[in-house]
Visitor: 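Pasting a structure here, questions to come.
Residue numbers begin at 1 in each chain, while the letters A, B, ... track the order of the sequences. These numbers come from the heavy atoms of this one structure, side chains and all, not from hydrogens, waters or symmetry mates.
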Amino acid sequence: MLQVNYIRDNREQVLDRLAVKNFKQPLLVDEIIQLDDKRRQTQTNLDNSSAEANAAAKQVGELMRAGNKAEAEVLKSKTGTWKEDIKRIGEQLAAIEDELYQKLVLLPNLPHSSVPKGTTPEENEVVLENGAKPELPQNALPHWELAAKYNLIDFELGVKITGAGFPVYKNKGAKLQRALISFFLDEAEKAGYSEVMLPLMVNEASAFGTGQLPDKEGQMYFVGNDNLYLIPTAEVPITNMYRDVILKADELPVKNCGYTPCFRREAGSYGAHVRGLNRLHQFDKVEIVQVTHPDQSYQVHEQMCLHVQGLLEKLGLPYRVLRLCGGDMSFASALTHDMETWSAAQQRWLEVSSVSNFETFQSNRLKLRFRNAEGKTQLAHTLNGSALALPRIVATLLENNQTETGIKIPEVLVPYTKFEWIT
RNA sequence: GGAGAGGUGUCUGAGUGGUCGAAAGAGCACGCCUGGAAAGUGUGUAUACUUCAAAAGGGUAUCGAGGGUUCGAAUCCCUCCCUCUCCGCCA
């Protein structure tokens, strides 16, 4: 959520930036400013009425203590109008604040100046491409066939137990999952992230804090009996650890990593592109999150991207980095880099990580602040990235490393898997 | 799930209708003291909105959350959330 004061002070720039995101309702900006004027006016009225009423109440107390009952009664009888005023203006104010809020949440975050204009994924900017695409033999198999051939993943069994999109990992397939999780967590810890293990369900306030609510409600599984949501990403519980927190300046940057399963309803997405591991309702992911000083966040973004790229390089996977264009970025992000690996058998790029800087868009809602050099509270910047999401990594690993005799495990993983080949 | 107790500032903890944004202590910050430190000592120490060109200062709200009673609520009433103790259940 953008800050109203920022919108007031930077109207032109806000409009300009929103255009990069192809925001369709620029009139909203002026409506918000006008509504905020009205809010201030009403707030002042309410405060004045309250001040008068408070003064009168105090006076009644003094009169009572002085034994001047008659005068106290007179004053009491006069308070009725203030009470009515306070109630009426209070309701007005609440209505205005609600309306203002409803409009404010419609504004997406402002994209960073480096974000290219554009509306479709084709307009994303390829920042770099790294690693050679492997040449596979003619009879190379896609990962879902490899998974069946080597008895690594049983999709049908998952359907039986739960439904489509909930695979069962078996044998070396299961061990590979565990190995990747440990490897990613160890790498994150080496990079200075402290590990957390988190609740997989969150309450409404948390889902709201990171922006899943109210706009993305349909993407989360909801446990109605207890009013809880299954997390779509560890970002939600990790970032919410810092909800309503005021950090000391020297505590920044805060760096956390965590492994969680992620649950996504992905309603209505079926077909060839979501086959196998390409899109699931439940998948595993290690997430990295930082809370930074506003001056540092873009440096940190770069550093987080390099961390993710390092993982892909260690795994020996060809990848490319995309800077998402305004139209393809998420609502809450100011800058997003996507990392994609080349899936050799499917002959397509698969998104395996997304590293975003949210600036103050999340922290404003979360009330996540720090005390700056002047001793005042200021909103911190939040960033997060996948490091990494497992299924598509598994997909590319299986496909790219397949040989006539089996699938070769990358060297860095062998200490974790304790086997070098899947045969 | 049943019975009871309770939720106050960074923490401990006082406060059962008015002078309470809230005693006291601890912690923290700055100063004095000291060769330096500890001890001691002095001062300061919530957040948000708003008024003002700005600072100073002022107003309003907030004692788990929301609602109510009252001229006036941390204090009384209702609903919800959470914590603790005992019982039940249980990995």
Visitor: Using the test side chain to side chain contact (heavy atoms under 4.5 Å, CB included), find all partners of A:Glu313 that sit at least two apart in sequence or belong to another chain.
Guide: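 With neighbours one apart ignored, the set is A:Asn130, A:Gln309, A:Tyr319.
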
Visitor: Scan for side chain to side chain donor-acceptor pair (under 3.5 Å) pairs involving residues 145-160 of chain A, sequence neighbours excluded, and state none if there are none.
Guide: A:Asp154-A:Lys170

Visitor: Can you pull the side chain to side chain donor-acceptor pair (under 3.5 Å) pairs that have at least one residue in residues 413-423 of chain A, sequence neighbours excluded?
Guide: A:Asp186-A:Tyr416

Visitor: Any N/O pairs under 3.5 Å between the protein and nucleotides 16-21 of chain B? List them or say none.
Guide:
residue : atom : partner : partner atom : Å
B:rG18  : N2   : A:Ala57 : O            : 2.7

Visitor: In chain order, what residues pass the side chain to side chain contact (heavy atoms under 4.5 Å, CB included) check against A:Pro121, with sequence neighbours excluded?
Guide: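 Scan of A:Pro121 (side chain to side chain contact (heavy atoms under 4.5 Å, CB included), adjacent residues dropped) gives A:Asn124, A:Asp328.
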
Visitor: Would you please confirm or rule out a distance under 4.0 Å between OP1 or OP2 of B:rU50 and any side-chain N or O of A:Arg39?
Guide: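 So the side-chain polar atoms of A:Arg39 do come within 4.0 Å of the phosphate oxygens OP1 or OP2 of B:rU50, strictly under.
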
Visitor: With ring-ring contact (aromatic ring centres under 6.0 Å, His included) as the rule and sequence neighbours excluded, what pairs involving residues 226-253 of chain A come up?
Guide: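 Listed once each, the pairs are A:Phe222-A:Tyr229.
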
Visitor: Write down the partner of B:rA5 under the Watson-Crick or G-U wobble criteria, each distance required to be under 3.5 Å.
Guide: B:rU83

Visitor: Holding to side-chain hydrogen bond (donor to acceptor under 3.5 Å, both in side chains), I want the full list of residues that pass it with A:Ser194, two or more places apart in sequence or in another chain.
Guide: A:Asn256

Visitor: With 3.5 Å as the limit, what N/O pairs link the protein to nucleotides 59-66 of chain B?
Guide:
residue : atom : partner : partner atom : Å
B:rG59  : N2   : A:Asp47 : OD2          : 2.7
B:rU60  : OP1  : A:Asn54 : ND2          : 3.2
B:rU60  : O2'  : A:Asp47 : OD1          : 3.1

Visitor: Both distances under 3.5 Å, Watson-Crick or G-U wobble: report the partner of B:rG44, or none.
Guide: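 Per the H-bond distance test, B:rC28.
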
Visitor: I'd like to check the side chain to side chain contact (heavy atoms under 4.5 Å, CB included) partners of A:Thr162; sequence neighbours left out, ordered by chain and number.
Guide: A:Phe166

